[in-house]
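Being a predicted model, the structure only gives us computed values, none of them experimental. Chain letters run A, B, ... following the sequence lines, proteins first and then strands; every chain starts at 1.
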8 protein chains.
Amino acid sequence: MTSKPYVRLDKDNAAVLLVDHQTGLLSLVRDIDPDKFKNNVLALSDLANYFQLPTILTTSFEDGPNGPLVPELVQAHPRAPFIARPGQINAWDNEDFVKAVKATGKKQLIIAGVVTEVCVAFPALAAIAEGFDVFVVTDASGTFNEVTRDSAWRRMEAAGAQLMTWFGVACELHRDWRNDVEGLGTLFSNHIPDYRNLMNSYARAKGGQ
Amino acid sequence: MTSKPYVRLDKDNAAVLLVDHQTGLLSLVRDIDPDKFKNNVLALSDLANYFQLPTILTTSFEDGPNGPLVPELVQAHPRAPFIARPGQINAWDNEDFVKAVKATGKKQLIIAGVVTEVCVAFPALAAIAEGFDVFVVTDASGTFNEVTRDSAWRRMEAAGAQLMTWFGVACELHRDWRNDVEGLGTLFSNHIPDYRNLMNSYARAKGGQ
Amino acid sequence: MTSKPYVRLDKDNAAVLLVDHQTGLLSLVRDIDPDKFKNNVLALSDLANYFQLPTILTTSFEDGPNGPLVPELVQAHPRAPFIARPGQINAWDNEDFVKAVKATGKKQLIIAGVVTEVCVAFPALAAIAEGFDVFVVTDASGTFNEVTRDSAWRRMEAAGAQLMTWFGVACELHRDWRNDVEGLGTLFSNHIPDYRNLMNSYARAKGGQ
Amino acid sequence: MTSKPYVRLDKDNAAVLLVDHQTGLLSLVRDIDPDKFKNNVLALSDLANYFQLPTILTTSFEDGPNGPLVPELVQAHPRAPFIARPGQINAWDNEDFVKAVKATGKKQLIIAGVVTEVCVAFPALAAIAEGFDVFVVTDASGTFNEVTRDSAWRRMEAAGAQLMTWFGVACELHRDWRNDVEGLGTLFSNHIPDYRNLMNSYARAKGGQ
Amino acid sequence: MTSKPYVRLDKDNAAVLLVDHQTGLLSLVRDIDPDKFKNNVLALSDLANYFQLPTILTTSFEDGPNGPLVPELVQAHPRAPFIARPGQINAWDNEDFVKAVKATGKKQLIIAGVVTEVCVAFPALAAIAEGFDVFVVTDASGTFNEVTRDSAWRRMEAAGAQLMTWFGVACELHRDWRNDVEGLGTLFSNHIPDYRNLMNSYARAKGGQ
Amino acid sequence: MTSKPYVRLDKDNAAVLLVDHQTGLLSLVRDIDPDKFKNNVLALSDLANYFQLPTILTTSFEDGPNGPLVPELVQAHPRAPFIARPGQINAWDNEDFVKAVKATGKKQLIIAGVVTEVCVAFPALAAIAEGFDVFVVTDASGTFNEVTRDSAWRRMEAAGAQLMTWFGVACELHRDWRNDVEGLGTLFSNHIPDYRNLMNSYARAKGGQ
Amino acid sequence: MTSKPYVRLDKDNAAVLLVDHQTGLLSLVRDIDPDKFKNNVLALSDLANYFQLPTILTTSFEDGPNGPLVPELVQAHPRAPFIARPGQINAWDNEDFVKAVKATGKKQLIIAGVVTEVCVAFPALAAIAEGFDVFVVTDASGTFNEVTRDSAWRRMEAAGAQLMTWFGVACELHRDWRNDVEGLGTLFSNHIPDYRNLMNSYARAKGGQ
Amino acid sequence: MTSKPYVRLDKDNAAVLLVDHQTGLLSLVRDIDPDKFKNNVLALSDLANYFQLPTILTTSFEDGPNGPLVPELVQAHPRAPFIARPGQINAWDNEDFVKAVKATGKKQLIIAGVVTEVCVAFPALAAIAEGFDVFVVTDASGTFNEVTRDSAWRRMEAAGAQLMTWFGVACELHRDWRNDVEGLGTLFSNHIPDYRNLMNSYARAKGGQ
C-alpha cells in the first residue's frame, strides 16, 4: 500500500459546500445530539466566512416536507450561490451546482450536509471522480444512526476523501495563530464552551474582567 | 409506602438558585456534553427571567482555580443577589445565602449547579430539612461521571427532592400556552433546535417565512 | 418502608390515555429509536382495542408546529373521545379531558405520551392526587434524552405510579392464554418480530406453512 | 421513610422458583448477552442444588412456539416439581404452582425467569402480597431491552422485593467459607471465569497445578 | 494508495441478493434491534420491487432449526428465483444460485443477509473475485454482535466491496425525485417514521389531511 | 412517603471501613475502569487519613486466590485494626470486626469494598440494622458488572443507606475551605487530574508556576 | 486501490496458533465480557480439533505473574507443540515457535491470543512479512480496552491480515453442511446458546425430545 | 492492495514527540477518562526514559488560556528540547521543532498529543510526507469526542501512519523480557493496576511479601 500523499487545506484554494441542511431533514439526524450538531454546523458556517472561503448553499425540494434551509445559514451567506435543486438527489447531477463550484476556481472542496450517506457522499464521490480534493466535515454532517454514518464514511474514505472535523479544518486553514489571534480565538470561544471557559478563567486570573 | 403528594411548581411561589456554575469548575463536568450543558444552563437562566422568578447566584472561591461565574449568567441577572462564598462548600452554610433565599418569600426552590453531588445536593438536602420544597434541575447540573451523578440523584430523591429538567420546569410553571404563546415559543426556539426546526418548517409550509 | 400494595391491572377497570403523540412533537423524541417507538405506540393502541378498553386521545395545539395526531391513532380509535386542548399543557387541567376520563368509570389509568416528563408526568401526577391508580407505559412514551426520561420516571414513581411496558400491560390484562390464544398471539406476532419468528419456525417444524 | 428491615437469606428457609426459561422464549431476551445469561441461569440452578434448596420449575405453553424448558434445567432438577401451566401467564394464578411453593414450607422465595416484567414480576408481586419475602435474581432473569427491565425492577422494588444477583445469593446463603471451602470454590470456578483464573494462577504459584 | 473509482449504482444494471433471512437464524442477530432490522429488510425488499430489480432469494437448510425464509419476503417476490441450498454455506458455491445471478445479466450486486460475516461476506467476496461490483447493504444484514459485524465489514471492504445502507441504495438508484415523487415518497413514508411525520405535518400545515 | 431526614457526615463522628480490596478480588471488578478505580480507592484512603478518621481494614482469605490487601492500603494505615477474617463472608459476622467498629465510638460508617453486592452490602445492611448511619462510597466499591452493581445499590438504598462518592464525602466532612485550603487542595490535586490542571493553569496565569 | 484478492480458508492448508491465553494475562482483558471470551476461546479450540488443524500453543513466562496456560487448552491439545517462550514477547522471535509453524507445512495461519496488540499483532505482522496468509480471530483475542483493540485491528488490517471471528472461520472451513451435519451442529450447539435453543425448539416441535 | 510492509519499532532508531499536553488544552479532551488519560501519558513519558529514547517536548501558546505543559512531563525530561512555539499550529511548521527532530538522527517517530486531529495529525502527516515512519500512540492522545478522534485516526492511517498504544510500543521496543525483567515489570506495575495486582498476588502466593 503506497501512502496517500498529504494534501493540506489551503485557504486560497478551498471552497465550502453546505448541502441540504434543511429544517425538515434535520429531524432525520440521530447520530449526533441536536445541540452539538447545530453548534458544529454554525461553526463551519462561521469559519467559511472567517476565512472568506467561497461558499455554496444547496437544497432539495424546499417547498415540501424537507423544509427550508435553516435560516441562520441563509443569513450568514447572503451572497453565496444558493442552488435550490428541482429534483436531483446528488447535487453534482445539478448543472448549476457544478458550475457554481467550478466558478470558484478552487481545487479543494470542504463538504458537509444532511444526510451523510446521500447528500454528502454522492457529491463527494462525484467530485473526487472529477479530480477535486475532497474534505468531508464529519461532525457537521448527520444521518439516521451510527451504522449509516459508518458505511458512508468508509465508502468516501475508500474513494480517497479526507475525513476531518470543523475544528481541524479551521486549524489547518489558519496555520499560525499569529495570523490573527483574536479572530481565531473568537471563533473558538463562540463554538467550544470548554475553550471559552479557559479564556474566561485566564482573563480573571490575569486580573482582568 | 404512602405516596409522596404532588407538589406542583407555581410561578408565584418559586425561586431559582444557581450554584457554582464557574468557568473552572465546569471543566470537571463530564456526565453531559459541553454544548448541551451550556444550552441547558442558559435555558434555565432564561426561563428564570421569563417567569420573573427571583434568582440567586452564588460562587465558591472565585479568585482561585475555580474561576469566575460564567459571564452569561452574570449578565442575565444583573440585579440578582450574588453571594460569593468565602469558604463554605454547602451554600446553605452561608448566612447571606440563606437570608437571600428566605428574603424571596418563596417556598419552592429550583436548584441547579456544579458539581451535582456537592454544590446541588448539599443545599438541597439542607433546604428540605428546613421545610422547603426542592426541585432539582438535573440537566442543568453536572458532575464528574454517571456514577457520581446517580449517587447524588438517589440521595436527594430519598430525602424528598423532586427531580426535573428545565423543559419540565418551564412547562409546569407556564401551565397554559394561552398565557403567552409567543414568549414560551421563543424560549423553546432558542434552546431546542428540533423545536425551532418545527417552527420554521411550519412557517414555510404556511406560506410565510 | 411499608411496601406498596399490589394493584393489578383489570381489563374491566382500566382505561387508556394517549397524550400528544403528534407528528411534530415526535421529532423531539430521542431516547428511543423511531422504528421501535412507532411499533410500541401502535402496539399499545392495538391492545387497547383488543381488550376493548375505553381510550381517550388528546393533543396540544394541533394547528401549529406540534402537528396533528399521528393518523394511525386517529384511524384506530374512530369513536374515542378526542380532546384537542386549546392551550393547557397538563391534559388534566382541561375539563373536557378529565370529564372524559371520569365518564369511563374506570379507576385504573394506563398512560403514554410525548414528551414523558410533561405530557405523561403531569396528568399522571394529577390523577394520582385524585385517587386513580396510574400505570405508565414507559416504552410507548418518549422524550429528549435519557436524563429527562430518568427524571420523569423517578418523579412519577415517587408519587406512586407503577412503571410498566406495553407487553407487561397486555399480559397482566389477559391473565390466561386460554381466554383467547389466537387473539393474543396475533397481537404479539404483529408487534414482536422475535415472537413472529418463533411462531413461523414452529409452524414449519410442525409440518405446516 | 422508615428503612426496610434487613431480611437475610437463610438456606433453611429459602426456595428457588425458575419460571419459563424456555428455548423459544429465550430468543426474546436481549438485555443481556446470551453467553452470560446462560451461565447465570445455570449458576443459579447449581447453587440451588448445592444448598439443597427446594426448587420448582414451571413453564408456559411448552407445546407451542415458546418451546420446552431448557434441557439442562430439567436434568439438573429431576425430582423438582415441574408445573407445565396450561395457560396462566402469572404462575401464581396456577393452583398447583402455589401449592408446590407452599409445600416447601419456606418463607423466602428466590425467583428468576423470562421475561422479567411478566414471568418474574407477576408471581413476585403476588407472593409479596401473600407475605412471602421475595428475592429477585436480576442477572438470571431476562427481557426485551433495558427499558422493560428497568420498569420491571422498579415495580418489584416499590412493592418490597429485594433485588439480588446469583453471586450475592450464594454468598448470603453460605455465610462462612469454612462451612465448605471446596464446594463454594467449585461453584465459583465453574461460573466465574475470572475466579477460576485466580485459582489456577494461585495453584501454579504454590507449586502445584 | 490510488483511490477506488466511483462505481455508481445503476437501476438498469443491478440485482438484489437476499441471503438466508430465515426465521430461526434471525434469533442469532443481536447487533441491531429487531424492530429496526425487520423494517430495514422489508425496506430493501420493497425497493427491489419498486425499482424492478431482479431479485434472488436463497436459504440454507430450511427444514431444520434455521427455519423458513421470512414469509413477507416470499410473498413480496413470488416470481423471484428461490434457491434452497442443500448444504453449501457460501451461496456462491451453489451452481444454481450463481446461474441465477448470471442470468440476470447484471454487473452490480446488492447483497444483504444473515449472518453478515458468513452468508453475506462469503458470496460477496466470491462475486468480487469474479469481477462483479458488490454493494453490501449493511443495515439489512445482521449478526451476533458488533465485533463479528466489524470484522465482516472490514474484510469485505478490504476486498473492494462498497458498504451502503438501504436508504443510500434507494437514493443512488433513483437519481432524481422528478422521476417519480410519489413512489419514492411512499417508500420512505412506509419505512422511515420520521419522514412520514414530516409528510403528515406538511400536509396539515398546507391545509389538507 | 415521609422524607428520610438529612444525616450529614461529621468528621468527629465517622469511621471508614475498607472491605476486601484484595489483589486477587480486584480482577473481578469490571463495572469501573481499573485506573479510575485505583484512584478512587486511594483517594478514599487518603481522605480517611487527612480527616484523621478511624479506619478499619479487613480481608477475606488472604492466603488463597483472593490475594493480599493491596499494599498501598496497608502502608497508608499502619496502625489501623486489620481484621483478616478466617471465613466469614459478611464482615459483620466477624466479632473482632464489629468490636473494632464499636471501639471507634463513631455512629457514622463510611463503607467501600469489593465486591459491592457482597463485601459492601452485607455489612452495610447489618450495620443499619444495628442503628448505624451508613454511607456507601459507590465509586470506591466495585463488582462484576452494572447489573450486579445496580442491584446492590438498590438493596442498600431501600434499607436506608446513603449513596455517596469519595469527593462528596470529602466535601461534606470538610464543610469550609477555610478550615484548610492547602490540605483539601492537595487531596483534590492528587486525585482529580482536571482539578490539578486548573490549579496549574491558575498558578501560571498568576505569574508563578 | 486494487482490491485485495480473496484468500479463502482451506482446512487442508491451515494451522491454528493460540498465543498466551494464560490465567494471569486474562485478567488484563477488558474489551470483552469474560463469559463470552471464555466461550469464544474454547470454541476456537474445539474447531481446531474438529477440523483436525495442526495447533500450536505458546506462552510467555508461565512461572511468574502471567500464570499458566488455561488448563482447558492444555487438555484439549495434548499432542500440540507447546512452546513456553523464555522471554521473547513476539512469538515469532522464538525459533522453536517458527519451526513448529513451518513444520505444519501450512500456508494459512489462524491466530488468536492475549493481548491483541502484542501477542497477536506482533506474530501476525511477522508472519505476513514472511509470506503467510494470516487470519486473525478477533473474538478469541482480547486486550485492555476498545482503543487498544481498535489500534491493533487497524495495524494488522493495513498489513494485509484478514479479520474474522471463530464462527466465520468454522463456516469457511466447513464449506458444506453435508460434509458433516452432526459434527458442525454439535460445535455450534456447544458454543452458541441461541443456536442450541433453535435446535431444542425444533426437536420438540418435530415431536422428539 | 499491496500490503504495507512491517516496519517494526527499534529502540536504536526511535524518538518520542510529546505535543501540546498543556494544562488548559487537557480540559478539551473528552474521548477518554481523565484518570486513564493521565496514566497513559505518564506511561509513555516513562517508557521514553526507560528506553532512553530522545524525546522532544513542544507547546502552543503557553502564556495564555492553553496553559503550561503539565509539570510532570517537564520534570521527567529535564534535558529534552522544549520548543515553545510562538504561533504555529502544526509543530512541523516550526523550524526549531523540525531541527530538533532531525538532530536525533532517528527515522521512527512516536507521536502523541492534544488534540489528536490537530496537534498529532498535522505533524504526523507532515513527517510521513518527509519520509519518516510515524507511530501514533492513540491512547496517549486525546480530543473532543469519538467523532473527532475517529476522523483523525482514519486520516493518519490513510496516509500511512501506524496506530499503536503505549503498551504495544513498550513491548515492541523491548523485544525480550530477558533484556531486563525488573525494569519492564516496574514500568507495567506503575501504570497497569491489573498487572500490579498479578505481581502482588504472585509474590504472596510464592511466600514472599
- Task: Specify which of B:N145, B:N94, B:D63, B:T116 makes the most heavy-atom pairs with chain F at under 4.5 Å.
- Result: B:D63
Could you check whether any side-chain heavy atom of [X] comes within less than 4.5 Å of a side-chain heavy atom of [Y], counting everything from C-beta outward?
{"X": "F:V181", "Y": "B:F61", "result": "yes"}
{"X": "B:R155", "Y": "F:E157", "result": "no"}
{"X": "F:E172", "Y": "B:V118", "result": "no"}
{"X": "B:F122", "Y": "F:R175", "result": "no"}
{"X": "B:V147", "Y": "F:W153", "result": "yes"}
{"X": "F:L198", "Y": "B:S27", "result": "yes"}
{"X": "F:L173", "Y": "B:I89", "result": "no"}

- So what's closer than 4.5 Å to chain F heavy atoms on B:T143: side chain, backbone, both or neither? neither
- Where does B:R85 contact chain F at under 4.5 Å (heavy atoms): side chain, backbone, both or neither? neither
- Item | B:L28 versus F:D194, closest heavy-atom pair with distance | CD2-CB, 3.6 Å
- For residues B:G87 and F:R178, report the shortest heavy-atom separation together with the two atoms involved. CA-NE, 3.9 Å
- Message: I'd like to know if B:R154 and F:D150 make a salt bridge, using a cut-off of under 4.0 Å between side-chain N and carboxylate O.
- Response: yes
- Quick one: does F:Y195's side chain have a donor or acceptor within less than 3.5 Å of a partner on B:P65's backbone? no
- Rounded to the nearest 0.5 Å, what's the gap from CD on B:E117 to CG on F:D139? Could you check? 8.5 Å
- Task: With a 4.5 Å cut-off on heavy-atom pairs, point out which of F:S201, F:P193, F:G168, F:C171 contacts chain B the most.
- Result: F:C171
Expected list for residues 123-132 of chain B: side-chain donor-acceptor pairs under 3.5 angstrom, two or more places apart:
unit_1 : atom_1 : unit_2 : atom_2 : d
B:E130 : OE1    : B:K102 : NZ     : 3.0
B:E130 : OE2    : B:W92  : NE1    : 3.0

- Under 4.5 Å heavy-atom distance to chain B, tell me which part of F:F135 shows up: side chain, backbone, both or neither. side chain
- chain B heavy atoms under 4.5 Å from F:I192: which part of the residue, side chain, backbone, both or neither? side chain
- Using only heavy-atom distances, determine whether the side chains of F:T165 and B:T148 contain a donor-acceptor pair under 3.5 Å. no
